[in-house]
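My questions will all concern the structure given below.
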Amino acid sequence: MDLSDIFESASRSKIFADRSLLRPDYVPLELPHREKMITSLGRILSPALVGDRPSNVFVYGLTGTGKTAVTRYVTSALADHASKMKTPVPVSVKYINTRENDTSYRVLAEMASGIGIRVPFTGLSVAEVRARLVGALRSITTIYVVVLDEIDAMISRIGDPFLYQITRMNEEIQPSQMSIIGITNDIRLADNLDPRVKSSLNDEQVFFPQYQANELQDILAERAKLAFLPGALEPDVIPFCAAIGAREHGDARRSLDLLRRAGEIAEIRGANRVQRQDVEEARAALENDTIIDSIKSLTLDSRVLLLVLANAKLRGKDKLTSGELYASYENIITNGLKDNALTERRLADLVKSLEMSNLITANLVSEGRGGRTKHISLQIDPSRVIQSLADDPRLGDLAGSVGRDVLAHHEDCGARRWIL
DNA sequence: CGTCCACAGGAATGACGGGCGG
DNA sequence: CCGCCCGTCATTCCTGTGGACG
């Protein structure tokens, strides 16, 4: 088979009609079981069409409950409608993901770009960016609806004073007006906010409950109708994907990912139907992907931490204290990897970020006279860690020897010891 | 009931590369 | 090209702390 055959067969899929409909960022035209949220958000924003500033809104709901899709859908419908019917005041809409744009500078820069102002992505002072944004809004007249997605991520990084600053901008940007839609999956976010921010941002709320399994089925079926070729899905595939998503807090994104990945697996298999078995494999593959991806993005120091934890776990010690971890880490680093090990303080931050990416857990414990420390343990299969680190030229040998040593360890119990 | 362990984690500071405006 | 400011990484110095031990 030559290349053109491969490309040819790939372009004539036996499974997918349009794979892009299953991508996570696709905003569908139909959002089943979200009619209520669509109408309430629409009602909240509708004053924009008659030239009034809509209230600020908080949109609550766990991941994969359709917050982002509904908000994007409603805001873009609002903008379309406004431009079509030539409203007295034009309406502009900007969607900003504050996890990707997680500094005040970048958020302000994105806000500026939403009304056509280009700001260099670094180099100016925050105050300067803000001034340009305000100036631009003042020079035109618009109702500017700004969506701040994953706003909890932003607040934990830059804090709510920034949010307060944004809400206060309204006083300076006349004749323009601005509304903020904050999207969060932290249900209790408002409780921890500065009361002033809370009162101005929390005028209106839209809550997104978890999807039930049967609702997820509807969503998947709706999407599958166009994404897959007729008859490409075994009848139990969609219910199975829905069941998995339902079990994980009613997460539609998760279900859709599974469905797409299962389709890809079936396609690679050369089959023309997706089976339940493909979904099983898709689940394992997706899990593996996120682990590999997060390990790949780590620095040498964090990788060594994982390696130490993997080694300990393979030897039956699944918990290390911060002190033990640091000692082993320092040992490896100074034995030829780098000149200087990081300090304990810095390592504490690395541990924290590893914990954030769910690779490890770190529980604060106090053992009286034994002191106060963290019990740190690997959350993933240690062989995965070793496998992922084996192609790091700096760690390959080390990772390999951990693996070999454990093999040897199993063969003749404890005859050899591999010292970290 | 105070001590004291083994850290946690905040604050201040600095080095550094990127990228502006002038 | 300079001076400035940015975000990021890292260090130094520091105060805080849950609970077993004495």
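Quick note on labels: first sequence line is chain A, next is B, and so on, each numbered from 1. Just so you know, these numbers come straight off a predicted model, no measurement behind them.
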**OP:** Considering non-hydrogen atoms only, spot the tightest contact between A:Q379 and A:I360 and give its length.
**Re:** CG-C, 3.7 Å
Subject >> Presence of A:T373 side-chain N/O under 4.0 Å of B:dC5 phosphate oxygens OP1/OP2 >> reply: no
Original post:
Taking CD from A:E330 and P from B:dC7, how many angstroms apart are they, rounded to a whole number?
Top reply: 13 Å
**OP:** Return the nearest nucleotide to the side chain of A:Y105; candidates are C:dA10, C:dG7, B:dG9.
**Re:** C:dG7
Original post:
C:dC9 P sits how many Å from A:L300 CG, rounded?
Top reply: 15 Å
Original post:
Just how far, in rounded Å, is P of C:dT11 from NZ of A:K338?
Top reply: 8 Å
Original post:
Who are the side chain to side chain donor-acceptor pair (under 3.5 Å) partners of A:D52, not counting sequence neighbours?
Top reply: none
Original post:
Which residues satisfy the side chain to side chain donor-acceptor pair (under 3.5 Å) test with A:E355, sequence neighbours excluded?
Top reply: none
Original post:
What integer distance in Å separates A:E344:CD from B:dG10:C1'?
Top reply: 16 Å
Original post:
How close or far is atom C1' of C:dG7 from atom CG of A:L108, stated in whole angstroms?
Top reply: 15 Å
**OP:** With heavy atoms under 4.0 Å as the rule, sort A:T321 into base, sugar-phosphate or nothing.
**Re:** sugar-phosphate
**OP:** Remember a base hit wins even if backbone is also touched, and classify A:A362 as base, sugar-phosphate or nothing at under 4.0 Å, heavy atoms.
**Re:** nothing
**OP:** Using the closest heavy atom to pick a nucleotide of DNA chain B for each, name whichever of A:K374 or A:R132 lands nearer the 5' end.
**Re:** A:K374
Subject >> For A:R132, all residues meeting side chain to side chain contact (heavy atoms under 4.5 Å, CB included), sequence neighbours excluded >> reply: A:P120, A:L124, A:E128
**OP:** Rounded to the nearest angstrom, tell me the gap between atom OH in A:Y326 and atom C1' in B:dA8.
**Re:** 16 Å
Original post:
Who are the side chain to side chain contact (heavy atoms under 4.5 Å, CB included) partners of A:R168, not counting sequence neighbours?
Top reply: A:Y164, A:E171
Original post:
Within 45° of the six-membered ring axis of A:F208 and under 6.0 Å from that ring's centre, is NZ or CZ of A:R34 located there?
Top reply: no
Original post:
Among B:dC7, C:dT11, C:dG7, which is the nearest nucleotide to the side chain of A:T343?
Top reply: C:dT11
Subject >> Rounded interatomic separation in angstrom, taking CG from A:D301 and P from C:dT8 >> reply: 18 Å
**OP:** List for me each residue that meets salt bridge (charged side-chain N to carboxylate O under 4.0 Å, His left out) alongside A:R384, sequence neighbours excluded, and say none if there are none.
**Re:** none
Original post:
Which whole-number value in Å describes the distance from A:E324 CD to B:dC5 C1'?
Top reply: 15 Å
Original post:
Where along residues 345-354 of chain A does a heavy atom fall under 4.0 Å from DNA chain C?
Top reply: A:R345, A:R346
**OP:** For A:D80, check side chain to side chain donor-acceptor pair (under 3.5 Å) against everything at least two apart and list the hits.
**Re:** none
Subject >> Heavy-atom protein contacts under 4.0 Å, nucleotides 17-22 of chain C, coded B base, S sugar-phosphate only, - none >> reply: BBBBB-
**OP:** Quick one: list whatever passes ring-ring contact (aromatic ring centres under 6.0 Å, His included) with A:F16, sequence neighbours left out.
**Re:** A:F228
